[in-house]
Amino acid sequence: MFTGDVFNGNRALIGDRIVEQQRKNVMTLKDIEQNEEIREYITKGNEYLGVMHYTEHGFAHLKRSAVQARQILYDLGYDRRTCELAAIAGYMHDIGNVINRVDHAHSGALMAFDILTRLGMPPKEISQIIAAIGNHDEGTATAVNPIAAALILADKSDVRRTRVRNKETVANDIHDRVNYAVEKSTIQIDKEQKVARLLLMIDTEICPVIEYFEIFLTRMVLCRKAADFLELKFQIVINDARIL
């Protein structure tokens, strides 16, 4: 039979173990970046998309999406943990490309569920991340939570020259041409004016502005809906001129 001191001592020890386990399960973007399993799926997925002549969907795109998604929510005053979950979703959102480009958002969400569950992340956090991943592709996307909205804005704004794999395709492939023409692209959050502003610098000698909207109109509509979810207006500024 336990004495009071022994009982209290064991209870404290159990409590310390629970706290330590919870601390270990607080995943960060750094943990995700260092995970070899995740890195392998990203590497192979990007490799397979290269075979299909898609633009870069590797570590550069995913890190940029992660950092931008985190920053969007941070600028809007969300708590740090929600911002970090947005970063994790941003880094893992294209992991499903290792299976197939078609429905990669849905397969990626299922992969993320399995991986994050095995890593010990709480279901309350996993549910938000997989919802964001499963709702990021314009074919089936909906801004269902703040993380999903931030991911949509971050992912769809990443149009830039360095994502083009082969310069020789620029003249004949409109997607490569538009990406190659974009010299700068970023999302700016104006909390006071309640605006999400997409800032683009496009070399119009490579492609006219209209070609950007020709291939990305659906994405821009999705960005507007994501901004609406965050109670923001969506604006587009191209070469210092407001288009929308």
Side-chain angles (χ1 to χ4, degrees), residues 42-43 45-72 74-75 86-87 90-91 93-94 97 101 104-105 136-139 141 143 149-191 193 195-228 230 232-244:
I42 290 171
T43 299
N46 185 44
E47 177 183 322
Y48 300 154
L49 289 190
V51 174
M52 293 184 279
H53 307 292
Y54 278 85
T55 53
E56 177 266 325
H57 284 71
F59 297 110
H61 169 60
L62 300 181
K63 183 60 179 286
R64 182 182 171 113
S65 297
V67 171
Q68 188 71 74
R70 175 203 278 153
Q71 189 65 45
I72 288 169
Y74 180 81
D75 289 345
Y91 195 80
H93 78 273
D94 274 340
N97 284 319
R101 180 62 180 174
H104 74 283
H136 85 270
D137 189 54
E138 51 263 38
L151 173 56
I152 288 169
L153 290 169
D155 177 38
K156 305 313 173 190
S157 67
D158 188 19
V159 181
R160 53 186 162 80
R161 178 169 296 178
T162 50
R163 293 191 70 182
V164 177
R165 299 177 191 259
N166 187 352
K167 295 179 182 179
E168 295 179 1
T169 63
V170 170
N172 300 318
D173 187 303
I174 187 172
H175 287 85
D176 281 350
R177 183 162 61 252
V178 170
N179 275 276
Y180 194 78
V182 177
E183 299 173 336
K184 184 178 180 181
S185 173
T186 189
I187 284 282
Q188 179 187 81
I189 301 298
D190 189 329
K191 187 178 179 180
Q193 295 186 25
V195 170
R197 189 175 293 114
L198 174 60
L199 304 174
L200 296 165
M201 294 298 295
I202 297 178
D203 186 340
T204 54
E205 292 188 4
I206 296 175
C207 86
V209 170
I210 191 63
E211 285 195 347
Y212 180 91
F213 291 98
E214 182 178 342
I215 64 170
F216 291 143
L217 181 58
T218 303
R219 292 188 183 186
M220 296 302 97
V221 172
L222 182 57
C223 284
R224 178 180 60 78
K225 292 179 179 179
D228 286 344
L230 297 171
L232 301 169
K233 294 180 181 179
F234 182 61
Q235 295 180 356
I236 302 176
V237 177
I238 299 178
N239 296 349
D240 297 323
R242 180 177 168 182
I243 304 299
L244 176 67

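Positions are given from 1 along the sequence. Reckoned from all heavy atoms, side chains included, excluding hydrogens, waters and symmetry mates. Values in this document were obtained by computation on a predicted structure and should not be read as measured data.
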Option from Asp190, Thr186, Ile187, Ile189 for which side-chain contact (heavy atoms from CB on, under 4.5 Å) with Arg197 holds: Asp190

Closest non-hydrogen atom pair between Ser157 and Leu198, with its separation: CB-CD1, 3.7 Å

Nearest heavy-atom neighbours spanning Ile152 and Ala141: CD1-CB, 4.5 Å

Between OH on residue Tyr91 and CD1 on residue Ile42, distance to nearest 0.5 Å: 4.5 Å

Among Arg64, Arg161, Arg165, Arg160, salt bridge (Lys or Arg N to Asp or Glu O under 4.0 Å) partner for Glu56: Arg160

Closest approach of Cys223 to Leu153 (non-hydrogen atoms, all atoms of both residues): O-CD2, 3.5 Å

Flag if over 12 foreign heavy atoms under 6.0 Å of CZ, Phe216: yes

Side chain proximity check, Asp173 to His53, heavy atoms < 4.5 angstrom: no

Side-chain H-bond candidate by donor/acceptor type, Asp176 with Thr169, under 3.5 Å: yes

Salt bridge flag under 4.0 Å for residues Glu138 and Lys225: no

Near-ring test His93/His57, centroid separation under 6.0 angstrom: no

Ala227 backbone acceptor or donor facing Lys233 side chain under 3.5 Å: no

Whether Arg70 side chain and Ala86 backbone form a donor-acceptor pair below 3.5 Å: no

